[in-house]
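The structure appears below as structure tokens.
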Amino acid sequence: MNTLLIPTDFSPIADNALQYAIDMANKYQFDILLYNVVQLSTPDFSHLANVDDFSNIIEEVKKKMDEKVTLLQNLHPEITFSCEVETGLLIDCINDKCNQINPIAMLMGITGSGTGMDKLIGSNAILAMKHIKHPVIIVPKDASFKSIENICLACDLKNVLTSTPLIEIKVFTKLFNARLNVLNIDYKNRNFSAQTSTELQNLEYILEEVNHELHFIENENVSDAINDFISTKHMDMLIMIPKKHSFFESLFHKSKSKEMAYQSHIPILALHQD
């Protein structure tokens, strides 16, 4: 299905991700499905006493979604918009919807601040990257769309043949007509092993049909290295493979100095192994 799935809670973070999706859909001729999940078990709805109260909430959300889609359709007649409202657990509902419609990708926002709703949005985005098997694009709160010409793929050169989502990498690099920049980060050869040379050969073999370039950086801090590379080399998107914990967890670790290690303004495309 030639559709971008956009979950929304009507927050500024979600609206920014929606605007990013609109600009992307306009350039690459996608449709947009705006999606809201009413999670009645959350503290926000704990005061509701009966089924009628729940029904009223759902009807209000549906009305708000219809109004938003009508406005968007008038503003962007070149894009086909639709909307759906469901009840349940957010990640489970998104996963089910992705399985149902098989979207190009699911887009949602993320923020680096650490309190209130922003923290919840950040947590949901990370859960989505980990648990939704379809492509997930995470849009930082200050990101704005630009043509995707250079994509960065963080790779630790371990189990390349079995852990690289090659089909999806090929699909997105071809879709965007982009160059893939494969980034490996090490420090004093601590990750070098007898298999590293073989893994590098395997990587070159599976990417032989992909426009790509390899980059090797010496840095003790993985997240800093990725952020610096993205900035200095002007990357437009970062591919992450969430089950590659050595990279994924370090990029989103919490520290005393900053709540979220990922500081870039470019989106993350989370892909899972084939």
Side-chain angles (χ1 to χ4, degrees), residues 110-112 114 122 125-126 129-130 135-140 142-143 146 148-166 168-170 172-173 176 178-274:
I110 193 169
T111 177
I126 294 171
M129 283 189 280
K130 284 185 175 181
V136 173
I137 298 176
I138 301 299
V139 182
D142 297 322
K146 57 179 289 191
I148 300 168
E149 299 176 356
N150 282 287
I151 300 174
C152 176
L153 168 65
C155 179
D156 59 6
L157 293 178
K158 294 179 181 177
N159 303 314
V160 167
L161 294 178
T162 58
S163 67
T164 304
L166 179 61
E168 290 174 320
I169 287 173
K170 286 183 175 180
F172 280 98
T173 52
F176 299 136
R179 183 177 184 82
L180 183 70
N181 294 267
V182 183
L183 176 62
N184 177 260
I185 302 160
D186 202 353
Y187 185 70
K188 295 183 178 179
N189 290 325
R190 64 175 56 170
N191 295 317
F192 188 87
S193 70
Q195 298 299 316
T196 300
S197 295
T198 300
E199 293 291 346
L200 183 58
Q201 292 175 4
N202 290 338
L203 180 66
E204 287 280 32
Y205 172 73
I206 65 175
L207 293 179
E208 62 180 355
E209 298 179 358
V210 177
N211 180 15
H212 72 280
E213 182 177 349
L214 303 181
H215 305 266
F216 300 92
I217 291 181
E218 183 87 0
N219 195 313
E220 190 172 11
N221 187 299
V222 173
S223 59
D224 285 349
I226 292 175
N227 285 322
D228 289 345
F229 181 83
I230 287 171
S231 177
T232 58
K233 298 297 183 180
H234 307 293
M235 296 293 107
D236 304 307
M237 179 172 281
L238 170 66
I239 292 179
M240 294 294 293
I241 305 171
K243 287 191 177 180
K244 290 291 216 177
H245 295 291
S246 59
F247 280 101
F248 182 78
E249 296 297 343
S250 65
L251 195 62
F252 292 100
H253 78 278
K254 294 180 180 180
S255 68
K256 293 180 180 178
S257 60
K258 50 192 175 184
E259 187 72 18
M260 194 69 69
Y262 185 64
Q263 297 295 318
S264 178
H265 297 315
I266 70 169
I268 297 172
L269 171 60
L271 302 176
H272 291 263
Q273 290 99 314
D274 296 332

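Treat the numbers as computed from the prediction; the structure is a model and nothing was measured.
With values rounded to the nearest 0.5 angstrom, C155 atom SG is found 13.0 Å from N181 atom CG. To the nearest 0.5 Å, atoms CZ (F216) and CG (D186) are separated by 10.0 Å. To the nearest 0.5 Å, atoms CG (L166) and CG (L203) are separated by 9.5 Å. Note that OG1 of T173 is 11.5 Å distant from CD1 of I148, once rounded to the nearest 0.5 Å. Q195 contributes atom CD, which lies 10.5 Å from atom CD of Q201 (distance to the nearest 0.5 angstrom).
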(message) I'd like to know whether V222 forms a side chain to side chain contact (heavy atoms under 4.5 Å, CB included) with D224, so could you lay out the CA-CA distance, the side-chain angles of the two residues, the decisive distance to 0.1 Å, and finally the verdict.
(response) CA-CA 5 Å; V222 173; D224 285 349; over 6 Å; no
(request) Take L200 and L214 through the test side chain to side chain contact (heavy atoms under 4.5 Å, CB included) and record every step on the way to the result. (result) CA-CA 10 Å; L200 183 58; L214 303 181; 3.6 Å; yes
(request) Take H212 and E204 through the test side chain to side chain donor-acceptor pair (under 3.5 Å) and record every step on the way to the result. (result) CA-CA 9 Å; H212 72 280; E204 287 280 32; 2.8 Å; yes
(request) Might you work through the side chain to side chain contact (heavy atoms under 4.5 Å, CB included) test for I206 and T164, ending with a clear yes or no? (result) CA-CA 9 Å; I206 65 175; T164 304; 3.9 Å; yes
(request) Output, in order, the C-alpha distance, side-chain angles, deciding distance and verdict of side chain to side chain contact (heavy atoms under 4.5 Å, CB included) for E199 and L161. (result) CA-CA 8 Å; E199 293 291 346; L161 294 178; 5.8 Å; no
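Between A154 and M240, the closest heavy-atom pair is CB-SD, 4.2 Å. Smallest separation of non-hydrogen atoms from I138 and V136: CD1-CG1, 3.6 Å. Residues K130 and P242 share a closest heavy-atom pair of CA-CB, 4.1 Å. The two residues P140 and H265 have their closest heavy-atom pair at CG-C, 4.1 Å. A pairwise comparison of heavy atoms in K158 and S163 identifies O-OG, 3.3 Å as the closest pair.
Side chain of T232 to backbone of D228: a donor-acceptor contact under 3.5 angstrom is found. Using a distance-only test at 3.5 Å, with no hydrogens or angles considered, no donor-acceptor pair links the side chain of H215 to the main chain of C152. Distance alone, capped at 3.5 Å, places no donor-acceptor pair between the E213 side chain and the L180 backbone. Checking side-chain atoms of E220 against main-chain N and O of Y187 turns up no donor-acceptor pair under 3.5 Å.
Each of I241, L271, I151, V182 was checked for a side chain to side chain contact (heavy atoms under 4.5 Å, CB included) with I169, and the lone residue meeting it is L271. Exactly one of I230, L153, L269, I268 qualifies for a side chain to side chain contact (heavy atoms under 4.5 Å, CB included) with M237. That residue is L269.
Salt bridge K170/E209: present, at least one basic N to carboxylate O contact under 4.0 Å.
No donor-acceptor contact under 3.5 angstrom links the side chains of N150 and D236, judged on distance only. Side chains of R179 and N211: a donor-acceptor N/O pair is present below 3.5 angstrom, by distance only. Defined by atom type and a distance below 3.5 Å, a donor-acceptor pair is missing between the side-chain atoms of H234 and E149.
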